[in-house]
Amino acid sequence: MICSKCSEGAIVSQHYSGLRLCRGHFIQDFESRATETVHKNNMIKDGERIAVAVSGGKDSTALLFCLCNILAKRDVELVAVTVDEGIAGYRDDTIKAARAIAKQLAVEQHIVSFREEYGYNLDEMVPGKKVAPCTYCGVFRKNALNRAAKHLGADKVATGHNLDDEAQSVMMNYLKGDFERLMRLRPGRAQRGLVPRIKPLREMPEKEIALYCMVNEVFTESRECPYASLSLRADVRDMMNRLESLFPGTKQSTVQGFEKMARKEQGGYAQMELAACRECGEPCVKGLCKACELLGLLRSDSF
Ligand code: SF4
Ligand SMILES: [Zn+2]
Ligand SMILES: [Zn+2]
């Protein structure tokens, strides 16, 4: 298989573009598409400080590496934020990987932990509870990232969500019939107390992100979180992967179809105004934020 742009051997074949690319042209293509995503959604402005959520997994490693390259000539400051949820036998290794990539790229890094922020590790939150581990994890991670970003004076929080994650999120909300949450997947306008979130790799297939890490020789921890199999997302991911192998392009069309629909529904689903949580001051829809609601449940269970 020969590269469509030169005479080198190709390492990837993109069914959606019809291109076969060698190592050099793959890196060029990946970074120019990420640049395009950032540019067309006006994600990053000169003079901004961007908090990059870096867990040490492949997506966030690729994100930090890619942003360092594509923003090298711009006046943008990156700071890595790593959240330690406290997942034994898993998170310690990914945190080592996160430290290593931040050091390699000379990016300042801050680590925040669930234990320090909320008084419990994720492992201590979940036994015997009706709430799924990923619910605790997602709510507290978002809360911790937002607080850390504000503390660090960041203008945006960048996360490593990829095309597969986006397609799964769209499908999960369809399956739950949760149109409200589905519409929250649109890029949002600025809200008081909430550092805007950006997803520069949202158009990149997961496989290309893994390849990007591999060809750039950046180490990533590839083990799966022990709680991952307990989530609806794991089933949706398997279903989407099966559909993608039978009907290439399914993930892209899932996301693109949602975006078309979201543009049409723009007026009908206006973004909700957020209030400040009465316990912690973080933004929330009702009077109490989800993190404080879950903390209340955890505390009442421990007595
Ligand atoms: S799989 Fe669930 S518990 Fe594990 S890191 Fe992801 S969200 Fe957290
Ligand atoms: Zn080439
Ligand atoms: Zn709160």
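Along the sequence shown, residues are numbered consecutively beginning with 1. Ligands are counted one by one from 1 in listed order, and the atoms in each one are counted from 1 as well.
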Any donor-acceptor N/O pair, [X] side chain to [Y] backbone, under 3.5 Å:
X: Ser60; Y: Ser55; result: yes
X: Arg181; Y: Asn173; result: no
X: Arg141; Y: Asp84; result: no

Does Leu122 have a heavy atom less than 4.0 Å from any atom of ligand 1?
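Yes, Leu122 has heavy atoms under 4.0 Å from ligand 1.
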Do any of the N, O or S atoms of Cys280 sit under 2.8 Å from the Zn ion (ligand 3)?
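Checking the Zn ion (ligand 3) against Cys280, an N, O or S atom does fall under 2.8 Å.
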Nearest protein heavy-atom contact for atom 8 (Fe) of ligand 1: which residue, which atom, what distance?
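It is Cys137 SG, 2.3 Å.
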Taking atom 6 (Fe) of ligand 1 as the point of reference, which of Glu85, Met125, Arg141 owns the nearest heavy atom?
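The option holding the nearest heavy atom is Arg141.
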Show the atoms of ligand 1 that are less than 4.0 angstrom away from any heavy atom in [X].
X: Cys134; value: 1 (S), 2 (Fe), 3 (S), 7 (S)
X: Ala228; value: 1 (S)
X: Tyr227; value: 3 (S)
X: Cys225; value: 1 (S), 3 (S), 4 (Fe), 5 (S)

With rounding to the nearest 0.5 angstrom, report the CZ to CG distance, Phe140 to Leu298.
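It is 5.5 Å, given to the nearest 0.5 Å.
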Using a distance-only test with no angle check, is there a side-chain donor-acceptor pair under 3.5 angstrom linking Asn143 and Glu117?
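Judged by distance alone, the side chains do not pair up.
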Mutual orientation of the aromatic rings belonging to Phe114 and Tyr118 [parallel < 30°, tilted 30-60°, perpendicular > 60°]
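Perpendicular, since the angle between the ring planes exceeds 60°.
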Whether Phe30 and Tyr212 hold their rings parallel, tilted or perpendicular, with breakpoints at 30° and 60°
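The rings of Phe30 and Tyr212 lie parallel, inter-plane angle below 30°.
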To check your reading of the site, what angle at the Zn ion (ligand 3) do SG of Cys277 and SG of Cys292 form, to 10°?
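SG of Cys277, the Zn ion (ligand 3) and SG of Cys292 span an angle of about 110°.
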